[in-house]
**Q** 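Before we start, here is the structure in question, set down as structure tokens.
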Amino acid sequence: MKRILFVNVLILLIFAGVSYWSEEKRKVEDALSAGVQEAREAEQEERGPKDGETERKEASETEGPDQEEEKENSEKENTEKENTEKKDFIRWVDFGVSKFAMTEAYEYDRDSYGTDQHISWIDLLAYTAAHTGGSFDNDRTVCQYMDQLKEKIAKGEKLEKIVKDLEYFAYYQEAYAAVLGGMVGEYEIEVPAADGDGRKTWEKRYGLKAFSPIAKGFPYSDYDDFGASRSYGYKRNHLGHDMLGQIGTPVVCVESGYVEALGWNQYGGWRIGVRSFDKKRYYYYAHLRQGFPYQPELKEGSVVLAGDVIGYMGHTGYSTTEDTNNIDETHLHFGMQLIFDESQKDGNNEIWIDCYQITNFLYRNQSEAVRNNETKEWRRVYLMKDPAAEAYERTADYSMYP
């Protein structure tokens with residue numbers, strides 16, 4: 001009898017314990033959910049209202065839609081949210097590719113282009129990442145896997161067969177294509193004439209057609225500050241890369257695209273947002289110079305080419321008053337956002353990546369600029385023709401170029 005009683009009491013204690021910890025788990029999950037929502041709302045506050053969002057808010061406060069219309073709008077928003085959640089697209093990328101790995105992959109891509117042994121640098125990097133779990137910390141391991149793929153291709157094996165059973169290759173291939181997809185390809189660029197008389201000639205090339213964000217000959221310093229703490233307005237993480245330099249340093253367009261955002265933001269000061277033609281990347285250039293932040297002909301929708309001078313380094317921002325210098329150090333805030341689905345562009349699911357290794361890699365390709373003493377503007381010395389821009393402009397009605 002005592003044994004039965006003991007067993008019953010033990011069962012009751014176990015049941016009570018399970019119930020208690022289930023309730024505690026629910027409380028923790030609720031707290032975490034609330035914390036995530038708070039962080040997302042804070043991120044949205046930093047970006048500022050989307051176009052027309054302030055006007056819509058003011059209108060709703062003064063006019064007040066009737067309940068039926070409000071219900072319909074709410075149901076529509078819920079439906080759109082559910083549809084987005086059901087879509088199959090990449091929702092996060094931790095880009096940890098080193099400058100060394102990018103250099104090794106790129107140079108093989110460039111040198112083997114047009115041969116049977118050609119492999120794109122994106123495939124080389126994706127193959128390596130699929131074996132290392134996305135880690136590129138060990139240069140020897142990186143070379144080992146890249147050489148392995150090169151040897152297989154040299155023997156006549158097809159990439160599709162090689163990676164058929166390689167888990168996560170497809171993920172890394174898509175993720176790295178989103179980051180690096182517009183940086184290498186065919187293009188034309190002006191070069192000095194061989195006779196050295198100051199003339200320029202056009203040269204067709206295959207290779208790196210993306211440029212460093214800082215013009216050639218202008219000094220800057222930087223370190224990997226992605227994720228560092230920021231406190232203006234509220235505590236948050238730094239989602240870009242700061243490049244410290246001098247006021248007026250020409251800021252260069254990294255990849256060809258079109259201007260999607262232009263103007264003042266209390267956090268970024270004067271800033272420019274450039275979207276790649278494939279819409280996968282959004283480049284963010286912030287804290288531009290007071291009084292003369294960017295080229296006067298730029299407007300939303302303008303097509304800009306990689307290597308173009310688009311703005312000037314400054315220290316504007318951290319103020320609701322336009323054209324205010326309130327940043328302690330002169331620098332360019334350079335950021336890259338990835339967009340696999342348009343719902344990620346402005347919302348709670350934005351993907352910003354660490355650009356430190358990318359800017360180090362792009363240092364090898366700097367755009368030379370010259371100053372116009374009359375207008376005080378800097379312009380690129382060697383013009384470029386980008387097939388991606390030409391293809392885009394055939395479908396667009398605007399361009400900054402005649």
**Q** What class does the angle between the rings of Y113 and Y206 fall in, given that below 30° is parallel, 30 to 60° is tilted and above 60° is perpendicular?
**A** parallel
**Q** Restricting to ring-ring contact (aromatic ring centres under 6.0 Å, His included), what partner residues turn up for F136, sequence neighbours left out?
**A** none
**Q** What is the minimum heavy-atom distance between K345 and E260, and which atoms define it?
**A** CE-OE1, 2.9 Å
**Q** In terms of side-chain geometry, is the basic nitrogen of E107 or R364 positioned less than 4.0 Å from the acidic oxygen of its partner?
**A** yes
**Q** Taking the six-membered ring for Trp and the full ring for Phe, Tyr or His, determine whether the centres of H331 and H315 are under 6.0 Å apart.
**A** no
**Q** Give me the ring orientation class for Y258 and Y392: parallel if the planes are under 30° apart, tilted from 30 to 60°, perpendicular past 60°.
**A** parallel
**Q** Does any N or O in the side chain of Q344 come within less than 3.5 Å of the main-chain N or O of F340, such that one atom is a donor and the other an acceptor?
**A** yes
**Q** Just wondering, are more than 12 heavy atoms of other shown residues or ligands nearer than 6.0 Å to NZ in K216?
**A** no
**Q** So with a 6.0 Å cut-off around OH of Y223, is the heavy-atom count from everything else above 12?
**A** no
**Q** Using a strict threshold of under 4.0 Å (side-chain N to carboxylate O), is an ion pair present between R379 and E377?
**A** yes
**Q** Check each of Y356, W121, F100, F95 against F361 using the ring-ring contact (aromatic ring centres under 6.0 Å, His included) test, and report the only one that passes.
**A** W121
**Q** Ignoring hydrogens and angles, tell me if any N or O in the side chain of S98 forms a donor-acceptor pair with the backbone of A101 under 3.5 Å.
**A** yes
**Q** So does D197 pair up with R199, basic N to acidic O under 4.0 Å?
**A** yes
